[in-house]
There are 2 protein chains.
Amino acid sequence: MQTRNITCVLSVFLSYATLTTAQQQPITGYSSSETAAQLQLETRFDKLLSAAEIGDHIKNYSAYPHHIGSARGKAVAEDIAAKFKSYGWDASIVTYKVLFPTPKTRVLELSGPTPYKAVLKEPALKEDGTSAQDGQLPTYNAWSADGNVNGELVFVNYGLPEDYEWLERQGIDVKGRIVIAKYGHSWRGIKPKVAQEHGAIGCIIYSDPADDGYTQGDVYPKGAYKNEYGVQRGSVMDMVVYPGDPLTPGTGATESASRLDRTQAKNLIKIPVLPISYHDAQPLLKSLEGPVAPAGWRGTLPITYHIGPGVGKVHLELSFDWKLVPAYNVIAKLKGAKYPDQWVIRGNHHDAWVNGASDPISGMAAELEEAKAIGQLVKEGYQPARTLVYCAWDGEEPGLLGSTEWVEDHAQELQQKVVAYINSDGNGRGFLYAGGSHALEPLMAGIAQAVTDPQTKVSIYERKKAADATKAGNAKAKKELLQQQQLTMSALGAGSDYSSFLQHLGIPSLNIGFGGEDEGGDYHSIFDSWDHYRRFGDPEFAYGVALAQTTGRAALRLADAPVLPFNFSNLQKTIAGYVKELDALVTTMRENTTIENELIRSRQYDLAADPQDKIKGPAPKAEVPYLDFSPLQNALVILDSAAHHANVKAAGAGDKAAINQALYQAEQQLLVAGGLPRRDWFKHTIYAPGFYTGYGVKTIPGVREAIEQRNWKEAQEQIAIVAGAINKLANYLEKI
Amino acid sequence: MQTRNITCVLSVFLSYATLTTAQQQPITGYSSSETAAQLQLETRFDKLLSAAEIGDHIKNYSAYPHHIGSARGKAVAEDIAAKFKSYGWDASIVTYKVLFPTPKTRVLELSGPTPYKAVLKEPALKEDGTSAQDGQLPTYNAWSADGNVNGELVFVNYGLPEDYEWLERQGIDVKGRIVIAKYGHSWRGIKPKVAQEHGAIGCIIYSDPADDGYTQGDVYPKGAYKNEYGVQRGSVMDMVVYPGDPLTPGTGATESASRLDRTQAKNLIKIPVLPISYHDAQPLLKSLEGPVAPAGWRGTLPITYHIGPGVGKVHLELSFDWKLVPAYNVIAKLKGAKYPDQWVIRGNHHDAWVNGASDPISGMAAELEEAKAIGQLVKEGYQPARTLVYCAWDGEEPGLLGSTEWVEDHAQELQQKVVAYINSDGNGRGFLYAGGSHALEPLMAGIAQAVTDPQTKVSIYERKKAADATKAGNAKAKKELLQQQQLTMSALGAGSDYSSFLQHLGIPSLNIGFGGEDEGGDYHSIFDSWDHYRRFGDPEFAYGVALAQTTGRAALRLADAPVLPFNFSNLQKTIAGYVKELDALVTTMRENTTIENELIRSRQYDLAADPQDKIKGPAPKAEVPYLDFSPLQNALVILDSAAHHANVKAAGAGDKAAINQALYQAEQQLLVAGGLPRRDWFKHTIYAPGFYTGYGVKTIPGVREAIEQRNWKEAQEQIAIVAGAINKLANYLEKI
């Protein structure tokens, strides 16, 4: 086997060598001559993209509040469908019926020596033309439980598991109490989940000015950052268990679908949760007594941050209208001339929490602009080889509702037909970010070198590399980044509509956007508005064009590639990197555990503590055993040679239709039927959102999270399961 | 030579082995039998120390403001002298005439759209019994120039050289402007010095609440931290050039001394400087426009920190009464019975900025308590072998005035007679800190194991080790600290009265105190008061007793040791560590310079920058050459064997008086007549305050600062000079 592979590698090398002598570096999956034609197409595509039109889309679709279930939300979907049709696409609206709670009662009060009643309202600003509109959803967290609770308040930092470990050492229990946590450092839904696990009866989440308020920059409307009344709305569904309609896990929420009772839904929190502004948070935090919060917990309100509780008690009363609402997904198709049953899907959501100029309209506008340009190319005679499916999802904000229900509803067909799913969401001025399935890394790398950054006129890859290299923490990292020749992609966690495609069905996915020079505090507030976006988001809509150029290229190259640009050597290398990380993680945990236990047993923490503070030292932990990573390492050896084999077969002669289908379905081999421990909806063995981080990705999640949770038995079991999946993929690729 | 040393080491080892079989670990410099007697003496000494009496001293001496030049300051000196006499010591007041400016005019105003006139006054608090007194020095920085300036304001972070590098990249020049800097991260005098170097016409220094205000804890009087009106007074003399009376560098400021004209004094700043509260700083900072300050520059005032300038202008007007005042040093002696001309000096200052309960009285009180106990022992028949000299210095606060003038006045005698100088200053609850001449490390290590921590009842060494080990940044550092068997001492920079003894004369010095659980914002404010100290400093005065036990043991062991406890192997090891640091520093600078230059030349900074910010990329720097450290490395090899030789000689037979004198004078071999580059008062080649850090020590300063300043030629020259000094010490020790 080894010998054959060496030959293959040689022949691949020779063919590459031949290609590079041509004038133009060939596009992955295209021959030299095919490359020239494709590049010509892309040049024509670029010329059809208009920044002004993207700006118009953003202005129009953010003109009114348009959340799921609202009349304006429906109108936006209908308008988008009409747009697609006008561009020559076959567009329709596919409707699901999903649960979506909206507030009926919202009360937050502090009693005691300094009583306070929370405002819970963002003010209209004369500088913001849409801020005074009717139809805004009030400030709330969707999927909070109904509840009317009274209790003492405890400050829990960002509300992560380690924060509760520190509280325990202080002897402070949140049981029967209400917690107040800062936004940030985890997906917001993790905060009430961990609070609930620790016995809290309510959870308040606020935006500290240190994180996106005055400490970061001038506040709105003077600057882009959160003013004292700004509130981040958002879902607190436990999406890491499963996203989508809570009542129909794993199946499409059609009119006739069988539904769970709401109490049975495993991704719903049981305690009331409310997001508030720093104006409302300050009196609550100021009322707290008890120990001063550790340095890392303190924000920049002009107070001393105490942990609590205080003398005053908090009354939190929330009730919701738990109704089924229609989710209007717009699905627009352009049939492939050669492989109509191979679909390239592109999507962005259209629903917003309020006006949503940035989130989601800035991304949606780019997608529409791509559709317009492609439609025009078709009118001029272009025919995509594969079918293009452009989608505008509803109900992403409350929990990826629209996309998840559509994907669950068409799971089998999608696994059969979908080449890849290309996602975008909010977009802004700055640097490329690109995450996704690593077999698509060469495709993405090629595109990143082909698209020009609007501000600096170098490629978007060069600009991103410059940002990474100059920000790297040390000389070694800077050097490595500087020497990098190609884009490397990040892995995908959750937080947008690719989740069901990638993590439930194993469909190769990409998530693409720009940002980093569009920072602000408008996220999920009424101030994510046209006026905010045109000043601070992407004032010239140039990054809207850059996004359309990037995602449009991905769609076109995937639609037309004679050989689909999947390279499993990239995936193999990436997974091998993850395995090394896991090995290093266990080693570090072992070393740390040993020394910490020594410190604990020799009373160092007791002796170091201030006796006045009455802090308990940390408890010793079981020593970390050695894990057997060899099943993963051996599987990677086989995958390495199998990936080479697949590359050679793909480059060679043979039935391209069949080979292509085999390539795009390959990632499905990495799914396991039983899913991840305690969350069987998530079936991908390599990529998942973190159980305790939310948006943040956990790679090789079964193994990594078992290690992090010190569940060594499960970690070893999961090593076997993941190795099995990798072996399955390797065997599959060997058979191509 | 090598063979002889092996024999010597063996015999030393054998004698140690014999000693350790005895019941009690011998004290360094004492035989087993001598150890028993000394420990008995120390037990008697401990019993004579009274926490209550220390509390009384603190209350009495902090009862009124008592800065240098004040009537109350004189009364305090006289009262201390009387106390020494009552304890049986031969005490007198030695007076010098020193320059000491006090404010006549202090005006700080902001004009423009939001005018503001600064309060410049700390309020009386009913919870603080001395806060309403007459005689307080107003809030000011001593040695500020007279000045009346008007200009735009620029925020310069902590006012360090690297902060100005960042400003330069932003294209912001402070020339002709007034700067506002935060207290902290350097000695305060560095801030106006660097501002002046960059052309600023005035300097305002304020205490940000992030550093010692509400962000750190509840503010006074509720808690220990700085309230909105609290101001840190302090000297801005350029003490790293020379401390003491600016008019008499290098000579005692006696009545008849020849004096410089004030304009000739090289350690005086030329621009007006004023310290202010965060109440006064907020309107000034809020008025600034221009770029938002980088993340690390921002404090926790409820504003967006901009760099400036703003529309408003600042008017800063300061004038001072530049008068000569008497500095009253109290010198108390107890004549040695055996070696009257070998002196062990102990000192602490008595002058305060205002009431100074913590700084300096908490340390002075411990010293007085030691003197009382030793006096009592003498009454009971004890006779110190060497002469004890207990000092209470005046004018430490404005610039180590009293101690420096006395030391300069008696330089020759002191170099002849002084065995060691033992310093303390403010003291509080918490952990031991001990710095000094590393030949005294074994002495200090033994004492740290002999004194019991009042709160935990383990040794003060064990407690300090626990604090260090638990706070260490990584497993490796934690492990090393846990395995440590003996105290290691830090090196001394500046900031208290040891400076002239150690750095000007090469007299072995120690600086000892406790703290870390007495944090607050009272430093150099009117709130460094009895009421603050009794609540937050050391409420039971138990650490006053612990300090007296520690410094008292150092004095007694040095006074009575048959063989003086100097071990130059410790010094050799310490210097070898510094040389390794310097080597690593050059390597790191070389690697960083290379990669930064590559990043700059390949335009990475330009590409990464936000074009809207118009930031200049950093300028490339000359590549870092390889330095020849071999002169230092070779000198250390010789010092290693010379130190062994001296240890063996000291342990063997011979004229102890002569050997002891040779030992205590050895450190003078490390002085160089010409002093450090650009500051010839500082003559010690191993320890100095940093030219751009102030209090912070720079070890092997000639070499280290040349490297830091990228002056490679000077670095190589200084390597030769320092190696010469080490060789001189080695030759000297070989001859013992």
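Proteins come first, then strands; the chains are lettered A, B, ... in the order of their sequence lines, and each starts at number 1. Please read all numbers here as calculations on a predicted model, not as lab measurements.
Within residues 294-301 of chain B, the residues approaching chain A closer than 4.5 Å by heavy atoms are, in numerical order, B:Arg298, B:Gly299, B:Thr300, B:Leu301.
Heavy-atom distances place no part of B:Tyr225 under 4.5 Å from chain A, backbone and side chain included. Neither the backbone nor the side chain of A:Thr588 comes within contact range of chain B, judged by heavy atoms closer than 4.5 Å. With a threshold of 4.5 angstrom between heavy atoms, B:Pro209 does not approach chain A through any atom at all.
For B:Lys478, the side chain to side chain donor-acceptor pair (under 3.5 Å) test picks out A:Glu596, with sequence neighbours left out. With sequence neighbours excluded, no residue forms a side chain to side chain donor-acceptor pair (under 3.5 Å) with B:Thr304.
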Q: Decide ring-ring contact (aromatic ring centres under 6.0 Å, His included) for B:Phe527 and B:His532; before the verdict, give the C-alpha distance in whole Å, the side-chain angles of both, and the deciding distance to 0.1 Å.
A: CA-CA 7 Å; B:Phe527 305 120; B:His532 194 288; 8.1 Å; no
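Residue pairs meeting the side-chain hydrogen bond (donor to acceptor under 3.5 Å, both in side chains) criterion with at least one partner in residues 465-474 of chain B, sequence neighbours excluded, are B:Lys464-B:Asp468.
Interface summary for chain B: among A:Val219, A:Asp453, A:Val292, A:Ile303, the most heavy-atom pairs under 4.5 angstrom belong to A:Ile303.
From B:Lys621, atom NZ reaches atom CG of B:Asn592 across 9.5 Å, with rounding to the nearest 0.5 Å.
Between B:Tyr278 and B:Tyr229, the gap from one ring centroid to the other reaches at least 6.0 Å.
Ion pairing of B:Lys479 with A:Glu591 is absent here, as no side-chain N (NZ or NE/NH1/NH2) approaches a carboxylate O to less than 4.0 Å.
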